[in-house]
There are 2 protein chains.
Amino acid sequence: MTERNKCQQCAVRSQSLCNTIGSEAAGDLARIVHRLRVPEGRIIYGDHERSKTYSIIVSGVVKLVNTRPDGRHQIAGLQFPGDFVGRPYAATSNLTAEAATDLELCSFSGRVFEDLLAKHAELERALLQRILLDLDAAREWMFLLGSKSAEEKVSTFLSMIHDKMVLSGSLEVGAQGQSMIPLPLSRTEISECLSLRLETVSRQFSQLKSRGIIETSGRRQFRIIDMAALRAYSDAQSVSA
Amino acid sequence: MTERNKCQQCAVRSQSLCNTIGSEAAGDLARIVHRLRVPEGRIIYGDHERSKTYSIIVSGVVKLVNTRPDGRHQIAGLQFPGDFVGRPYAATSNLTAEAATDLELCSFSGRVFEDLLAKHAELERALLQRILLDLDAAREWMFLLGSKSAEEKVSTFLSMIHDKMVLSGSLEVGAQGQSMIPLPLSRTEISECLSLRLETVSRQFSQLKSRGIIETSGRRQFRIIDMAALRAYSDAQSVSA
DNA sequence: TCTAAACTTTGATGCGCATCAATGAAGTCC
DNA sequence: GGACTTCATTGATGCGCATCAAAGTTTAGA
C-alpha cells in the first residue's frame, strides 16, 4: 500500500478501515467524511436513535452498553481509536454506543456510507474483516466474563487498556514502567465491563497496588510497575501464592 | 426472491446464506458445494487444522469451544441448521469448531469459497450480515454469562434451544407442550456453555421439573410444560417467590 | 439379561464475591 | 479557599454457586 492510499484525515494506525482499501475507494470515502467532536456521555447510536451515522474513532473511547428492562446493564464492548462504530444492515440495536471519554470521530452519514459499501466491494470486505475481529474479541471476552476470577478480570482489563494504548500509538512499547496510562472508565464503568461490583474492582486495584504491580494517581491514571506479574495474574491458575 | 434462486441442495430456512443471494452467485455456489456427513465429536476446524473448509449446517449442532492452556474451556457459541461455520480471512483461530451432534453439512473448500467471495460482492454482503448477527448474539450471550443467575441461565438455555428448533423447522410453533425436544448437549457441555458446574445445571433442571415447568425423558430430551413461566425465569428479577 | 462404564442426580460444606454500611479522597461551585 | 458533591476505598456480613462426596440412572456390550 502506497502512502497516498492512506486517509490523511483520519489516519490513526495501519489497521484502520480507511487504510486497508485502495485509493479510489479511499478517495470516495474521504469525500463524504466529516470530523466531529463529541463530549463524554453523549449517545452515538442506540435505542431510539433514528438518524444513523457510522464513524471511525480518531481519539477517545466508545462503550457499547447493553441495558435491560429491569435496570441491570453491562458494557458489551469498548471501541478504541481506529475502530469502526455503527451497526450496518439493522434498523435497531439492543446496544447503545456512548462516548466514554471526549471523542474525535471521522463520521459518515448512514445513507451515503451504505451506498459506498455497495459501490466498493473492497470497502465491504475491509468492514467484514473488522467485524470478524470484533467477533473474535467478543468471544474472547466471554471467557473472561464466565470463567475468570475477580483478580484475573481486573488484571486482564488493565493490560488490555495498556495494549490498546500501545496499538493506537498513544504509548510507546515497553514504556509502561515510566508512563502514566489514562483510564478511560470510572470504577463503576469498569465494574460493568467486567461484571463485578465496583467495590470488588476497587479491592483488586488495592491488592495490585499493595503487591507493587501497579501504581495509581488520582482516579483516572495508573502506571504498570511489573508488566510480567500483571500478565501472570491476567491468566492465573499460574499464580499460587 | 424467486423460487429458483434458492439453493435446493441445502435449503434449510429462508435466512440461510445461499437463499439470500441472487441466482448467478447461487449457481456458482451450488457448483462447488458438496454434502458431507460428520459424526458427533469430530473437529471441523481449529487449533492445528491446516486445510480450511467452510460449511453451512443442514442438520445438527456445532459447538465453538474456547480451550485454554490451563485446561479450562468454555463453549463460545452454538451453530444451528442454516448457520455458517468457518472463519474467513484468518490463518488460525483460538476456537475449535466441533460436531456436538451428528451433522449434515453443505461444505465448500476454503480456496474456492474465498475466490467466490471475491467474485460475488452480494455473497460477501450476505456473509457480512450473517456475521453481524453472530456478533449481536455473542454480545447478548455476554450478558447471560456476566449477569444472570444459574436459574436464569438454565431457563434461557432451554428456551433458546426451543426457539432454534422452531426456527430450523424441526418443531412447530406452540407445539412445545406436546413435543419432546432433543437436547443437543450433555450436562457437562451445557455447563461449559453457561459457565456453571454440571451439578448446578442438574440442580436447576430438577428445580424446573419440581415446579412443573419442564419434563425430561432420558438424558437427551425435554418437554416445555409452561412456556410463559420458563420465559419469566429466563429474565427473572420478575419472579419473586 | 446381566455387567460395567459413563453420565446424572442429590447431599454436605466452604469460599468468593455481592451486599450493606461507613469513611475517605478528589473534583466543583460559589 | 472552603463547603458541597461525586466518586473511591475499606470493613463486616451473608448468599449463591463451586467443590467434594456418594448414590442413582441410563446406555452399551458381553
Restricting both atoms to N or O, compile the protein contacts to nucleotides 4-7 of chain C shorter than 3.5 Å, with distance only.
from	atom 1	to	atom 2	distance (Å)
C/dA6	N3	B/R219	NH2	3.4
C/dC7	O2	B/R219	NH2	3.2

Name the pairs: protein N/O against N/O of nucleotides 10-17 of chain C, kept only if under 3.5 Å.
from	atom 1	to	atom 2	distance (Å)
C/dT10	OP2	B/S206	OG	2.3
C/dG11	N7	B/R203	NH1	2.9
C/dG11	O6	B/R203	NH2	3.1
C/dA12	N6	B/R203	NH2	3.4
C/dC17	OP1	A/A150	N	2.8

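Residues passing the salt bridge (Lys or Arg N to Asp or Glu O under 4.0 Å) test with A/D134, sequence neighbours excluded: none. Checked against side chain to side chain contact (heavy atoms under 4.5 Å, CB included), B/R37 has the following partners two or more places apart in sequence or in another chain: B/E104. The salt bridge (Lys or Arg N to Asp or Glu O under 4.0 Å) check on A/D226 picks up nothing, with sequence neighbours excluded.
Distance check: B/L145 CG to B/L194 CG gives 7.5 Å after rounding to the nearest 0.5 Å. Taken to the nearest 0.5 Å, the CG atom of B/L208 stands 6.5 Å off from the CG atom of B/L230.
Note on A/K63 versus A/E189: salt bridge recorded, some NZ/NE/NH1/NH2 to OD/OE distance being below 4.0 Å.
Nearest-nucleotide assignment on DNA chain D puts the 5′-proximal partner with A/V201, out of A/V201 and B/G218. The 5' end of DNA chain C is approached more closely, in terms of each residue's nearest nucleotide, by B/F205 than by the other of A/S217 and B/F205.
Nucleotide D/dT9 holds its C1' atom 19 Å from the CZ atom of A/F222, rounded to whole Å. Remark: P of C/dT9 and CD of B/Q207 are 14 Å apart, rounded to the nearest angstrom. Following rounding to the nearest Å, A/Q221 (CD) and D/dA8 (C1') show an atom-to-atom distance of 16 Å.
When all heavy atoms of B/F157 and B/L78 are compared, the closest pair comes out as CE1-CD1, 4.3 Å.
Residue pairs meeting the salt bridge (charged side-chain N to carboxylate O under 4.0 Å, His left out) criterion with at least one partner in residues 139-150 of chain A, sequence neighbours excluded, are A/E140-B/R68, A/K148-A/D235.
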